[in-house]
Amino acid sequence: MQEVETYEMTDIPEYQMVSSKAALSKALKKCDGPAALDFETTSLSPADGRVRLVSICNKRVQILVDFDQIRGGFNGVAHLFGDGEWIVFNKGFELRWFIAAGCPKTRCRDVGNLRKAILGGGNYKLMQLLHWDLDIEMDKSEQVSNWAAAQLTQSQLDYAYLDADRTWRLWNYWSDQADADHWRCMAMFDNMVPAVIEMEETGIMLDVKQHKKLVKHWQVIKDEKTAAIRDMVSEDEVVKITSDAQWSDYFARNMPDSFLKGWTRTEKTGQLSMRGETLRKLAGAAPGTPLETFFDTLADFKTISKYLSSFGDSLTKKAELTKDKRIRARFNIGAAKTGRFSSSGPNLQQIPRDKELLGEHTSVRKSFVAGIGRKLVSLDYSGIELRVLALLSDDDQLLQDMVEGDIHSEVATRITGRTITKDSCKTNKDDKAARSAAKGVSFGIIYGSGAAGLAVNMRTSLDNAQGYIDFWADRYPNAFNLRYEVMDEVSRTKFIRMVDGGTVYMGAKPDLPKCSNYPVQRAALALLARAIVRHKHSLDALRERGRHRLTAFIASIHDALIDEAASADCEELLKIMEDDMVQGYLDVFPGAPIDNLVEGGIGPNWGELD
DNA sequence: AACGAGCGCGCG
DNA sequence: AAAGCGCGCGCTCGTT
C-alpha cells in the first residue's frame with residue numbers, strides 16, 4: 001500500500017482528459033500520423049467486457065479518453081479511429097476490441113513486431129522491453145485494478161496514460177534503427193494477427209467422451225507399471241517413483257562402478273540420466289535378466305506418465321471449461337528466436353502424433369474433432385526445411401532430389417549403393433533402417449551437426465558419421481556451405497539477415513554453430529506467414545459473399561494449416577488452401593518449383609485426414 | 001505458498 | 001575453434 005502511495009507525480013507526463021465525442025474527434029484528427037494507443041478494459045475479452053479508457057500519445061497529442069463519459073461508449077465511436085495509424089504493444093489485444101466494435105480494418109502496428117524484425121523473435125512483456133531497451137522500470141500494480149469503477153483513481157488514470165507514453169517512446173527507439181527491409185518484416189508479423197485472432201477465438205473441439213476413455217486406458221497401464229516397479233523396488237528404497245533424482249541415487253547406491261561408468265549423466269548436476277532412451281539402452285544391455293525387465297518397465301512408466309500428465313485430464317478439463325467443448329490455445333506470433341510461432345495454454349503444437357505406444361496403436365489426435373456436420377481440412381508443406389535450404393543456397397541437386405522424388409531414399413541409395421525407395425522400405429527392414437539413417441543425416445546437416453553429434457544421435461561410429469557428412473557435402477555442396485556463410489555473416493556483423501527482410505541479433509559473443517539453421521527455419525516461417533495471410537483473406541472473401549459460413553481457420557503448426565468447415569464445403573476449401581499455400585511459397589521464392597509441395601486431406605478428426 | 005533451476009519429452 | 005535447430009509444460013526439489 002505504502003509503495004503505491006509514494007508514486008512520484010513528477011514521473012507522469014502531462015496529458016489531457018477527453019470526455020466527449022467532439023473532443024475525441026478533434027484530438028484524433030490532430031494526431032496527423034502514427035500515435036501510440038493503449039486500452040484499459042474491464043475484462044480480457046470483448047465478449048464479457050468493455051473498453052474503459054484509451055490513452056493516445058505522439059508528439060502532437062497526449063490524451064486519455066474515458067469512454068464511460070461518452071454516449072455509446074467505445075463501440076459508438078470506434079469508427080473515428082479508422083483514419084489513424086495506431087502503434088500498440090501486442091496488437092492481438094487491441095485489434096480484438098476494434099473487431100468487436102465493427103472496425104476490423106483499423107490500422108494497428110505492433111511495436112513488439114518491429115523489435116522482432118530487428119532483433120529476432122521472443123515472447124516478452126512490455127515491462128521487460130522498457131527495462132531492456134529504455135532502462136525504464138514500470139509499476140504494473142494497477143494493471144489488474146478495477147477498470148469498471150464509476151470513479152477511477154488518479155493513480156489509475158496516470159497508469160493508463162503512461163502505457164501510451166512508454167509505447168510511443170519504444171516505437172521511436174526502434175523506428176530509428178529500422179531499415180526498409182525491417183519494415184517489410186514487421187508487416188509480415190503484423191499481417192498475421194487477424195488470422196491468429198480467428199484461430200484463437202474459434203478453438204478446436206475435443207471429443208470429451210472419447211478422450212476420457214483413452215485417458216482411462218492410460219491410467220490402467222500406469223497402474224500396472226507402478227505395481228510392477230513396486231514389486232522390484234520398495235518404498236523404503238525409492239520413496240517417489242516419479243523422481244529421477246531419487247532413482248539416480250538409488251542406482252548410484254546399488255549398482256557396481258563398472259555399470260555406472262557408461263551411464264549418461266545429466267548436464268548440470270551430473271546425476272545419472274533417466275531419459276527413456278538411456279533406460280532402453282540399459283535394458284538392451286542386459287538381455288534375459290531381471291534388469292532388462294526393470295529398465296524397460298521404468299521407461300514404460302515414464303512414457304505413460306508423460307501422456308497422462310501432458311495430454312490427459314488437463315486437456316479434458318480445458319475443454320470442459322467451455323460450453324462448446326472447444327480448446328482455445330494461444331498462437332504466439334514470432335515467439336521463437338527464429339520467428340516461428342509458439343503455442344500455449346495448451347501447446348497445440350506438441351499434441352502427439354499417432355503411433356505405437358507400449359505395443360498398441362494410440363491416437364491422441366483422434367480426440368480433436370470437427371463439430372457436427374463438419375470436417376477438418378489440413379495441409380502440410382512437405383519437407384519444407386530441406387526445400388528451403390535448397391532454395392536459399394541455390395543448390396540444384398538438392399532441389400531436384402526434393403522436388404522429383406524422395407530425398408531420404410535418394411540419400412540412402414547413394415550411401416548404401418543399392419536402390420532404396422519408399423516402397424522398398426515397406427517390405428525391407430534394412431532399407432527402412434537405411435532410409436531412416438539418411439533422414440537423420442539430412443536433419444543433422446540442417447541443424448549444423450558435426451560428425452561427433454551425428455555419431456551420438458545416430459548411434460554410429462565417428463568414422464561412419466563423417467562418411468555420411470562427406471557424402472552429403474559432396475552431393476549438395478551449396479546447401480552444405482550455407483552454414484559457413486551464415487557463421488561468417490554472424491561473426492562479422494552479429495546479425496543474420498533473413499529472407500523476409502528481418503534480422504536476428506545473435507548477441508555480442510555469438511554461439512556460431514547454433515545459428516546455421518536460423519535462416520532455414522525463418523524462411524519456412526516466412527512462406528507460412530504469407531500462406532496464413534492469403535488464406536485468411538480467402539476465407540473472409542468467401543464469408544462476405546455468404547458462402548462457407550461455417551468455415552474457420554483453427555490452427556497452424558509450423559508447416560501446416562488446419563481449417564474446420566461444413567462437410568459439403570471441404571473439397572472446395574482444400575483446393576483454396578492448397579492454392580494459398582503454394583502462392584505463399586511463391587511469394588517468398590518466386591519461380592520455385594511447386595511439385596509435391598503440399599500434402600494432407602480432409603477428415604472427421606485430426607487423427608484421420610486423407 | 002511461490003518461484004526458479006534442472007530435467008525430460010511431446011511437437012515441427 | 002567449436003558444432004544437432006526451435007518451442008511449452010509437467011514434475012521435483014531447494015530456496016525464500
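In what follows, chains carry the letters A, B, and so on, assigned in the order in which the sequence lines appear, proteins first and then strands, with residues in each chain numbered from 1.
- Note: CG (L315(A)) to C1' (dG8(C)) measures 13 Å, nearest angstrom.
- Atom-to-atom, CG of L525(A) to C1' of dC5(C) comes out at 14 Å; the value is rounded to the nearest Å.
- Judged as a ring-ring contact (aromatic ring centres under 6.0 Å, His included), and not counting sequence neighbours, F589(A) has no contacts.
- Nucleic acid contact class of I351(A) (heavy atoms, under 4.0 Å, all strands): sugar-phosphate only.
- Within 4.0 Å (heavy atoms only), N332(A) reaches no atom of the nucleic acid at all.
- Applying the side-chain hydrogen bond (donor to acceptor under 3.5 Å, both in side chains) test to every pair with at least one member in residues 503-514 of chain A, sequence neighbours left out, gives these pairs: H182(A)-T503(A).
- Every residue two or more places apart in sequence or in another chain that forms a ring-ring contact (aromatic ring centres under 6.0 Å, His included) with H535(A) is listed here: F553(A).
- In this structure, CG of L454(A) is placed 13 Å from P of dC5(C), rounded to the nearest angstrom.
- Side-chain N/O atoms of S248(A) and Q271(A) include no donor and acceptor closer than 3.5 Å.
- Evaluation of the ring-ring contact (aromatic ring centres under 6.0 Å, His included) rule for Y468(A) yields no partner, not counting sequence neighbours.
- No engagement by F341(A) is indicated, since no non-hydrogen atom pair under 4.0 Å with the nucleic acid exists.
- With sequence neighbours left out, D401(A) forms a salt bridge (charged side-chain N to carboxylate O under 4.0 Å, His left out) with R475(A).
- Side-chain contact check for S382(A) and N596(A): no donor-acceptor pair (N or O, by modelled atom type) lies under 3.5 Å.
- S343(A) comes within 4.0 angstrom of sugar-phosphate atoms only, judged by non-hydrogen atoms across all strands, and of no base.
- Between S442(A) and W472(A), the side chains place a donor N or O and an acceptor N or O closer than 3.5 Å (distance only, hydrogens not considered).
- R483(A) comes within 4.0 angstrom of nothing in the nucleic acid, heavy atoms only.
- With sequence neighbours excluded, the residues satisfying salt bridge (charged side-chain N to carboxylate O under 4.0 Å, His left out) with R459(A) are E277(A).
- Nucleotides of DNA chain B with any atom under 4.0 Å from a heavy atom of chain A span, from 5' to 3', dG6(B) to dG12(B).
- Aromatic pair W263(A)/F295(A): centroids less than 6.0 angstrom apart.
- Taking the ring-ring contact (aromatic ring centres under 6.0 Å, His included) definition, one finds that F341(A) meets it with nothing, sequence neighbours left out.
- For E608(A) and N605(A), the side-chain atoms include at least one donor-acceptor pair closer than 3.5 Å.
- Atom CG of L308(A) and atom P of dC9(C) are 19 Å apart (whole Å).
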Would you tabulate the pairs of protein nitrogen or oxygen atoms and nucleotide nitrogen or oxygen atoms of nucleotides 10-13 of chain C closer than 3.5 angstrom?
unit_1	atom_1	unit_2	atom_2	d
dT12(C)	OP1	T242(A)	OG1	2.8
dT12(C)	O3'	S243(A)	OG	3.3
dC13(C)	OP1	S243(A)	OG	2.7
dC13(C)	OP1	Q246(A)	NE2	3.1

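- Salt bridge absent: R530(A) and D500(A) never bring a charged side-chain N and a carboxylate O closer than 4.0 Å.
- Pairs passing the side-chain hydrogen bond (donor to acceptor under 3.5 Å, both in side chains) check and including a residue from residues 482-491 of chain A, sequence neighbours excluded, read D488(A)-R492(A).
- In this structure, the CG atom of D313(A) is 16 Å from the C1' atom of dC9(C), given to the nearest Å.
- Following rounding to the nearest Å, Q521(A) (CD) and dC5(C) (P) show an atom-to-atom distance of 11 Å.
- Within 4.0 Å of G453(A), counting heavy atoms only, lies at least one base atom of the nucleic acid.
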**OP:** Determine which bases of DNA chain C form Watson-Crick or G-U wobble pairs with both distances under 3.5 Å, and write the result as a 5' to 3' dot-bracket string with | for other-strand partners.
**Re:** ....||||||||||||
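- The stretch residues 263-276 of chain A touches DNA chain B through T266(A), E267(A), K268(A), T269(A), S273(A), M274(A), R275(A), G276(A), each having a heavy atom under 4.0 angstrom from the strand.
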